[in-house]
Amino acid sequence: MSDTDYKRFDDLILRHSGLIKGLCLRRSEGDPDLCADLMQECYIHLWLHFATLQPAAPPLQQSFWVYWRCRSLFSHLARRQNPLQLVPFSQLLAPSLLHSAVDPDADSDALAGQQRDLIRSLARDLTPREQQALELMLQDCPPAEMAHLLSINQRSAISLRHRVISKLRQRYHAQYPRSNSNQQ
């Protein structure tokens, strides 16, 4: 790229920074950290595709090009980000997961207590933050509420839930290897 291309790109970014920030704010639902990350992604995406913009494009065409490129990036990120399918870790789900570790003949209150005790014993190697998340999960707390209570963003809460569940599964399968063959 030549110096004129760098100058043209800088001018394009300066002229359309408000549009880019507005699109990123809307996409991030007001989260300033996510907005800043999206703006950086947009700048990179615009730079990578800058050669497709005609050098003599009028300002209106440039605006549409920036808008279309940012929206294209958002669509690409949404397709690439395979969201986790989370199921509440409740008393309804626990019996199917913990069938070999608890007494199935116990009454429902005793069974729920056994399940919670088993989950807490499996959780002893979790970090304090992960243990907080587990307690919220055991109370059927949705990711949005968990994020608010833990002072993190919702995507971090979803990742935290996934990490906790993965660690619990690994520990469970290490302690109860016979249950692995039943699920296959």
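Interatomic distance, Leu38 CG to Leu25 CG, rounded to the nearest 0.5 Å: 9.5 Å. One finds the CG atom of Leu77 at 6.0 Å from the CD atom of Glu41 (value rounded to the nearest 0.5 Å). Atom CD of Gln139 sits about 9.0 Å away from atom CG of Leu149, to the nearest 0.5 Å. Going from atom CE of Met39 over to atom CD1 of Ile13 covers 9.0 Å, rounded to the nearest 0.5 Å. Annotation: the span from Ser72 atom OG to Arg69 atom CZ amounts to 5.5 Å, rounded to 0.5 Å. Atom CD in Gln154 sits 10.5 Å away from atom CE in Met146 (nearest 0.5 Å).
Heavy atoms from other residues, nucleotides or ligands lying under 6.0 Å from NZ of Lys167 number more than 12. Atom CZ of Arg71 sits in a sparse spot, with 12 or fewer heavy atoms from other residues, nucleotides or ligands closer than 6.0 Å. Residue His148 places its NE2 atom among 12 or fewer non-hydrogen atoms of other residues, nucleotides or ligands, all under 6.0 Å distant.
For the pair Leu53 and Leu12, the minimum side-chain heavy-atom distance is below 4.5 Å. Counting heavy atoms from C-beta on, the side chains of Leu34 and Arg155 come closer than 4.5 Å. His45 places none of its side-chain heavy atoms less than 4.5 Å from the side chain of His76. In this structure, the side chains of Cys70 and Ile20 come closer than 4.5 Å at one or more pairs of heavy atoms. Side chains of His16 and Tyr67 form no contact here, defined as non-hydrogen atoms less than 4.5 Å apart. The closest side-chain heavy-atom distance from Arg129 to Ile152 is below 4.5 Å. Between Trp47 and Tyr6, some side-chain heavy-atom pair lies under the 4.5 Å cut-off.
For residues 27-39, no pair satisfies side chain to side chain donor-acceptor pair (under 3.5 Å), with sequence neighbours left out.
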query: Are Leu160 and Leu150 close enough, and set up right, to give a side chain to side chain contact (heavy atoms under 4.5 Å, CB included), and what steps lead you there?
result: CA-CA 11 Å; Leu160 182 61; Leu150 296 176; 3.8 Å; yes
task: Begin from the C-alpha positions of Asp125 and Arg171 and carry the test salt bridge (charged side-chain N to carboxylate O under 4.0 Å, His left out) through to its verdict.
output: CA-CA 9 Å; Asp125 293 334; Arg171 185 149 178 89; 3.0 Å; yes
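Ion pairing between Asp11 and Lys7 holds under the 4.0 Å rule for side-chain N and carboxylate O. The residues Asp5 and Arg8 are annotated as salt-bridged, a charged nitrogen and a carboxylate oxygen being separated by less than 4.0 angstrom.
Ser63 contributes a side-chain N or O that, together with a main-chain N or O of Pro59, makes up a donor-acceptor pair within less than 3.5 Å. Distance alone, capped at 3.5 Å, is enough to place a donor-acceptor pair between the Glu130 side chain and the Thr127 backbone.
Across Leu46 and Phe9, no two heavy atoms sit closer than the pair C-CE1, 3.8 Å. Of all the heavy atoms in Gln131 and Ala123, the pair that sits closest is NE2-O, 3.2 Å.
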